[in-house]
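A quick write-up on the structure given underneath.
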Protein chains: 2
Amino acid sequence: MRVKEGNKEKDILEGAINVFAKEGYHGAKISKIAEVAGVATGSVYVYFENKEDILLKIFEQLWKQLYEELLSLSDKSIFSPTEKIDAMIDLAFDVFTSNPALADVFVNEQHHIQRSNKTQFTNYYEKFLGLGEEFIRQGIQKKIIHGSIDVKILRYFILGAIRNLLQSWLNDPKTFSLNKIRQNVKYLVKYGIQK
Amino acid sequence: MRVKEGNKEKDILEGAINVFAKEGYHGAKISKIAEVAGVATGSVYVYFENKEDILLKIFEQLWKQLYEELLSLSDKSIFSPTEKIDAMIDLAFDVFTSNPALADVFVNEQHHIQRSNKTQFTNYYEKFLGLGEEFIRQGIQKKIIHGSIDVKILRYFILGAIRNLLQSWLNDPKTFSLNKIRQNVKYLVKYGIQK
DNA sequence: CCTATTAATGAATCGCTATTCAAAAATAAA
DNA sequence: TTTATTTTTGAATAGCGATTCATTAATAGG
């Protein structure tokens, strides 16, 4: 009986992230993904149902990771709610700094799977956002955060700001230091622009 | 000599916005765009070079409009810098409220043309962002806005927040009232979350 | 050393849709 | 009218690339 050599599923996923990032979802050819992953074209279909399935798995993995890392923060009551939100922002920036291609896919291709609403992806995404909401609610309860702010709006506000800033960083990494972006985001979320 | 009937260029552009919004850029068929626009498939290629050119023109038009409307605000020294930024946010929300399909295309498809960097689009987009920057600088000069904030970062911060909130509104218009989103965005930009 | 079973392959298929272009339609001018 | 010119048309083309599947490779167990 032949036995699996290496971890092709992982290789394909990583290859796909890079090819999606460079060519965009539709510009990416399965044959190219296979080439980058160091496997045959047909092997891609051994491990994944189809092209969309690859993208789905990428996002599932991403949001699972983000959710679980955030979860480990949520317990720690040492942190105040605003510290938790800071940590959440750090978390996102850490993940994407270490994997710019993934950042690109995150920024540009998520809507493909939102169109065909697959719960696999949605699950961890919603959970992640749910935790974010939770932190905000704690902040409101402790009267650190303004109660007039809609929690659902705020979570998308922060996520959107980060998403767009990652994109501008990807387009022009020299002008934007990711560290400076991170600091500014934290500041702006907390205090806004006005003196 | 045959004479032009109606305004097919405009019809095609409007049709394309709706089809792109519903099917996504790659899912949108030229034949479908033609059908919705009430013209023959071939006519599309009389008015546009190719599919990408249609998308390009959509964004060119959008950013031109946004830029010009913002420009008319920039002179008015009656407004304070923060009022100008408020007006900028209002402007974006007004345009997209009146044309949700355009909002969808704006949110999801801009990266297609950013990949193949066309200056036509970039021109007005950059000009628009440049004006936003200008307002922020005025605010810093008048010591209304914190000087430690990076202007380039701030402009993408605001734009990104709006973009993502528009997307969540499109996905679930019942949960999110665009008016509430608008108010929250204005508040958050100015004061942040912290009491 | 066989053999059964699973893994991996990549050339061929097959559907799909952007784009083309020869023909038809409309009408201004003569 | 007739003609010349411009607009519009939509069926045909052409190429691309996702997906399939018959074949080959590897090896665990006997």
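Within every chain, numbering begins at 1; the chains are lettered A, B, ... in the order of the sequence lines, protein sequences first and strands thereafter.
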For this session: Would you please name every residue forming a side-chain contact (heavy atoms from CB on, under 4.5 Å) with Asp11(A), sequence neighbours left out?
Result: Ala37(A)
Problem set entry | Sequence-distant partners of Val107(B), side-chain contact (heavy atoms from CB on, under 4.5 Å), two or more places apart | Arg163(B), Leu166(B), Gln167(B)
May I have the distance from [X] (atom [atom1]) to [N] (atom [atom2]), rounded to whole angstrom?
| X | N | atom1 | atom2 | result |
| --- | --- | --- | --- | --- |
| Ile54(A) | dA18(D) | CD1 | P | 9 Å |
| Glu35(B) | dT17(C) | CD | C1' | 15 Å |
| Lys32(A) | dA18(D) | NZ | P | 13 Å |
| Tyr45(A) | dT20(D) | OH | C1' | 9 Å |
| Lys51(A) | dC16(C) | NZ | P | 16 Å |
| Ile30(B) | dA18(C) | CD1 | C1' | 7 Å |
| Asp11(A) | dA8(C) | CG | C1' | 13 Å |
| Ile12(A) | dA8(C) | CD1 | P | 9 Å |

For this session: Under the salt bridge (Lys or Arg N to Asp or Glu O under 4.0 Å) rule, collect the residues that match up with Glu133(B), sequence neighbours excluded.
Result: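 Glu133(B) satisfies salt bridge (Lys or Arg N to Asp or Glu O under 4.0 Å) with Arg137(B), Lys152(B), Arg155(B) once adjacent residues are dropped.
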Exercise. What pairs with His112(A) under side-chain hydrogen bond (donor to acceptor under 3.5 Å, both in side chains), at least two apart in sequence or on another chain?
Worked result: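 By the side-chain hydrogen bond (donor to acceptor under 3.5 Å, both in side chains) rule, His112(A) matches Glu109(A).
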Exercise. For nucleotides 1-15 of chain D, read 5' to 3', which letter fits each nucleotide if B means a protein heavy atom sits under 4.0 Å from the base, S means only the sugar-phosphate is that close, and - means neither?
Worked result: ---BBBBBBB-----
Exercise. Would a line drawn from the ring center of Tyr187(A) to the ring center of His146(B) be shorter than 6.0 Å?
Worked result: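 Distance test on ring centres: under 6.0 Å, yes.
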Exercise. Going by the side-chain hydrogen bond (donor to acceptor under 3.5 Å, both in side chains) test, which pairs reach into residues 30-49 of chain B, not counting sequence neighbours?
Worked result: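 Counting only pairs at least two positions apart or across chains, no side-chain hydrogen bond (donor to acceptor under 3.5 Å, both in side chains) contact touches residues 30-49 of chain B.
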